[in-house]
Amino acid sequence: MKNSNIYIFTALLSALFFSCNNANTKTSVVKSDDIIEQKIDSIIALMTVDEKIGQTVLYSSIEDITGPVLDKNYTTYLKNGQMGAIFNATGSAFTRKLQKIAVEETRLGIPLIFGYDVIHGYKTIFPIPMGEASSWDLELMKKTASIAAKEAAAEGLHWTFAPMVDISRDPRWGRIAEGAGEDTYLGSLIAKARVEGFQGKNLADKHTVLACAKHYAAYGAAQAGRDYHTVDMSLNTLKEVYLPPFKAAIDADVATFMTAFNELNGVPATGNSFLLKDILRDEWKFNGFVVTDYTSINEMVPHGFAEDLKHAGELAMNAGVDMDMQGGVYKNHMKASIEENKIKISRLDEAVRDILRLKFKLGLFEDPYKYCNEADEANIILHKDHLEVSREAARKSIVLLKNENNVLPLDASKKVALIGPLADDQFHIIGNWAAKGDRDGIAVSVKEGFEAQNKAFSYAKGCDIEGGDTANFNEAIKIAKTSDVVVMVMGESERMSGEAASRTDLKLPGLQQQLIAEIKKTGTPIVLVLYNGRPLNLTYENQTVDAIVEAWFPGTDGGHAVTDVLYGDYNPSGKLTVTFPRNVGQVPIHYNMKRTGRPEDLEGAHSRYVSKYIDVENSPLFPFGYGLSYTTFEYGEPQLSSNTLSNNGSITVKTTVTNTGNVAGEEVVQLYIKDRFGSVTRPVKELKGFKKITLEKGASTTVEFTITSEDLKFYNNKLEFANETGDYDLFVAGSSDANFTSSFTYK
Ligand code: NOJ
């Protein structure tokens with residue numbers, strides 16, 4: 001069969017089914033999904049064991065490095081039909097070249113899938129995912145994911161390793177930047193929006209890509225925030241907090257899942273049949289394919305879970321892992337495992353089926369080159385509409401943390417001293433995991449944003465992000481003295497968050513704090529603009545500066561967006577989706593902590609013997625849901641349609657919100673509940689709804705929420721997801737730290 005080609009074979013096959021279908025339209029309809037399954041049967045029947053194993057193998061093209069490189073021979077494997085997919089190969093010309101080898105030089109001509117980490121944009125870069133989550137704007141997140149998909153697909157890609165849906169409550173963990181924050185309810189909605197954005201309505205649409213829910217599971221709960229570290233947690237917490245965003249991705253039809261590096265309660269996620277079989281396949285009925293994270297099969301040996309690589313491959317395959325990313329374990333050892341019956345051929349067939357199904361759904365058997373189109377590449381990448389969305393997304397992601405004496409928005413007549421290592425930066429501004437984002441040239445710095453809008457300013461760098469050089473302090477102090485206001489753009493380098501970027505110190509690195517201290521001595525008001533991929537310890541800055549603008553890593557058009565916010569051309573509306581601690585010792589700290597038998601405010605308790613620290617208060621510096629605006633909002637008391645809720649019933653909660661300030665603004669109206677007691681203890685509060693509204697100055701609106709019995713369910717003491725009768729408290733507010741105002745009973 002050398003030189004024969006499945007492309008021709010399947011074309012014939014589809015013609016056959018098409019004619020059968022037409023002939024029988026009145027009596028039977030052959031569903032397109034059934035046709036695909038029949039085609040897969042025919043292909044599997046033609047395949048040798050080696051060719052089947054080949055479909056389960058994924059290697060990096062080494063164009064980009066996103067992990068350790070173990071093996072550089074991917075082109076040889078490709079020619080031998082030993083690879084089903086490639087990642088890190090980009091560009092329509094390069095992907096076409098590789099696809100041609102797969103289609104024309106291998107015995108069966110099965111097309112490749114091309115994958116890439118398209119995390120927050122492809123060439124047009126949007127804010128880092130945690131930043132974008134602060135917009136609480138699901139439509140926006142769907143839009144940016146769809147633009148990212150469109151640009152990536154125009155460069156020959158079919159598959160993104162995103163969204164990362166890991167809940168994380170630990171700012172030491174560098175990958176907190178890649179997720180949606182600490183809350184499960186919000187994180188699940190964001191997971192859905194991002195999957196829908198990447199995948200669109202039809203996988204065969206050449207402007208969409210396959211999404212990948214990662215890292216399954218509980219990767220964000222690494223002990224002490226150290227990347228790749230152990231996860232040990234109760235099944236209640238796993239099911240209630242960490243798994244729902246993955247389920248939400250499935251409900252949005254996510255095509256693929258990626259296993260996590262970590263072990264979970266003693267079993268590495270990549271060999272974990274509880275996660276991969278019992279939950280993913282049996283309970284959730286997932287029918288896409290599961291890929292490992294980078295060499296995570298191999299890593300089961302150092303984890304101490306597998307005896308050797310062959311054993312590791314058996315554990316992974318038998319647990320339900322369909323594709324091996326970069327580890328070469330399936331390629332090098334699976335045949336022997338099959339011969340020894342340690343892996344059943346039927347299990348391998350299952351994996352191959354799931355992989356081929358998505359190749360069919362992408363339309364690759366009809367046209368393997370449909371994504372390799374130079375004209376699309378030229379017309380789509382960095383389209384001006386995409387850049388506009390980048391600016392919109394960055395504006396909406398910015399969170400105003402402090403604004404004493406209304407120092408912001410800046411008065412255009414005031415002279416500004418623009419200072420700091422990130423003020424004239426085009427490199428870090430697009431953040432980590434920025435795919436093909438341009439780090440010099442296209443990205444807009446804050447300085448360029450000021451210049452583009454003809455602002456009156458002088459500039460001095462002052463210091464670097466890291467290091468101990470004070471040589472440029474004086475120049476910065478000098479311009480601060482002669483200006484009306486200082487804008488300092490500071491923060492972390494892009495490499496300080498993302499993978500393998502855990503920190504034990506959450507303060508601004510290098511000499512940045514010292515520079516703030518020196519500038520403070522000039523008496524000129526200070527506005528601090530921050531780029532960072534995690535909640536920082538801003539206790540000192542909060543005591544010292546007049547305003548704090550959390551801009552995260554805002555992306556390609558970030559400099560314009562920051563300028564818009566500073567001068568009031570956009571009224572900030574972002575709200576934190578992660579808690580900012582007062583110091584690193586408070587970590588982990590999140591708004592929905594469990595209660596304690598000795599809460600700080602326990603009535604009649606001796607003040608020493610309650611759950612608290614002796615050196616810092618329990619509350620965070622900035623809570624989840626918090627963010628200021630240039631206007632103010634007043635909330636009326638919530639009106640409940642009933643004080644009781646029954647099984648399958650619902651109640652509505654209505655609240656009037658009024659813009660009491662002097663400018664129009666947007667507000668994220670948030671609903672929280674508290675279950676007073678349960679068969680297992682419940683969090684102090686839980687987000688159960690939110691609405692983003694826009695109000696003109698002086699205007700009011702009524703915001704309505706519906707609470708159903710489903711919203712009150714939790715994993716009980718028998719690990720069943722069920723309701724329990726009892727009383728609930730609630731409040732509606734613009735932040736998680738408000739007080740409860742109302743209550744109802746679930747009967
Ligand atoms: C390792 C990372 O954990 C994962 O998120 C990423 O998709 C892969 N490398 C591929 O680059």
Side-chain angles (χ1 to χ4, degrees), residues 57-71 74 83 85-90 113-122 128-130 145 148-149 152 157-168 173-180 191 194-195 198 209-222 225-229 231 245-246 249 254-264 268-270 288-300 303 316 321-329 431-437 495 497-502 533:
V57 175
L58 167 67
Y59 271 109
S60 170
S61 76
I62 330 191
E63 201 198 40
D64 269 5
I65 307 293
T66 53
V69 178
L70 303 185
D71 194 331
Y74 76 97
M83 268 167 73
I86 294 189
F87 70 117
N88 290 344
T90 58
I113 294 182
F114 291 99
Y116 198 67
D117 288 285
V118 185
I119 308 298
H120 51 111
Y122 183 69
I128 55 165
M130 193 178 67
L157 296 167
H158 312 129
W159 182 24
T160 175
F161 303 134
M164 183 184 107
V165 303
D166 296 310
I167 296 298
S168 179
W173 191 53
R175 303 200 79 169
I176 197 170
E178 295 173 55
R194 288 185 170 148
V195 170
F198 286 128
V209 295
L210 308 177
C212 181
K214 72 184 189 186
H215 307 83
Y216 188 64
Y219 183 41
R226 175 148 62 82
D227 207 2
Y228 318 123
H229 204 8
V231 176
F246 289 98
V254 71
T256 68
F257 256 57
M258 185 187 291
T259 61
F261 287 123
N262 55 280
E263 69 150 85
L264 172 67
T270 301
F289 70 78
V290 177
V291 65
T292 66
D293 203 343
Y294 203 109
T295 63
S296 64
I297 298 182
N298 316 50
E299 291 166 26
M300 289 201 283
H303 263 298
V321 170
D322 304 308
M323 191 181 273
D324 172 5
M325 182 194 284
Q326 195 67 7
V329 177
N432 199 244
W433 285 119
K436 292 286 168 187
R495 282 305 257 184
S497 57
E499 190 177 350
S502 298

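Quick caveat: nothing in here was measured; it's all calculated off a predicted structure. Atoms within a ligand are numbered from 1 in the order they appear, just like the ligands themselves. One is the number of the first residue; the rest follow in order along the sequence. Every heavy atom of this structure was used, including side-chain atoms; hydrogens, water molecules and symmetry mates were not.
Considering His303, Glu299, His215 as possible partners of Phe261, the one that fulfils the side-chain contact (heavy atoms from CB on, under 4.5 Å) test is Glu299. Of the candidates Val329, Thr270, Thr292, Met300 forms a side-chain contact (heavy atoms from CB on, under 4.5 Å) with just one, namely Thr270. A ring pair (Phe, Tyr, Trp, His ring centres under 6.0 Å) with Tyr294 holds for exactly one of Tyr228, Tyr59, Phe87; it is Phe87.
Nearest heavy-atom pair across Asn298 and Gly327 is ND2-O, 3.0 Å.
The closest approach between any non-hydrogen atom of His215 and ligand 1 is below 4.0 Å. At least one heavy atom of Met258 lies less than 4.0 angstrom from ligand 1. Under a 4.0 angstrom heavy-atom cut-off, Gln326 registers as lying outside contact with ligand 1.
In the vicinity of Asp293, heavy-atom distances shorter than 4.0 Å reach the ligand 1 atoms 1 (C), 2 (C), 3 (O), 4 (C), 6 (C), 8 (C), 9 (N). When each atom of ligand 1 is checked for a heavy atom of Phe261 under 4.0 Å away, the hits are 1 (C), 3 (O). Contact atoms of ligand 1 toward Arg175: 2 (C), 3 (O), 4 (C), 5 (O) (distance under 4.0 Å to a heavy atom of the residue). Which parts of ligand 1 touch Lys214 is read off a 4.0 Å heavy-atom cut-off, strictly below it: atoms 4 (C), 5 (O), 6 (C), 7 (O).
In this structure, the side chains of Met130 and Ile176 come closer than 4.5 Å at one or more pairs of heavy atoms. Side-chain contact between Lys214 and Asp117 is present, with at least one heavy-atom pair separated by less than 4.5 Å.
Of the polar atoms of Tyr294, none of the N or O atoms is found under 3.5 Å from an N or O of ligand 1, judged by distance alone.
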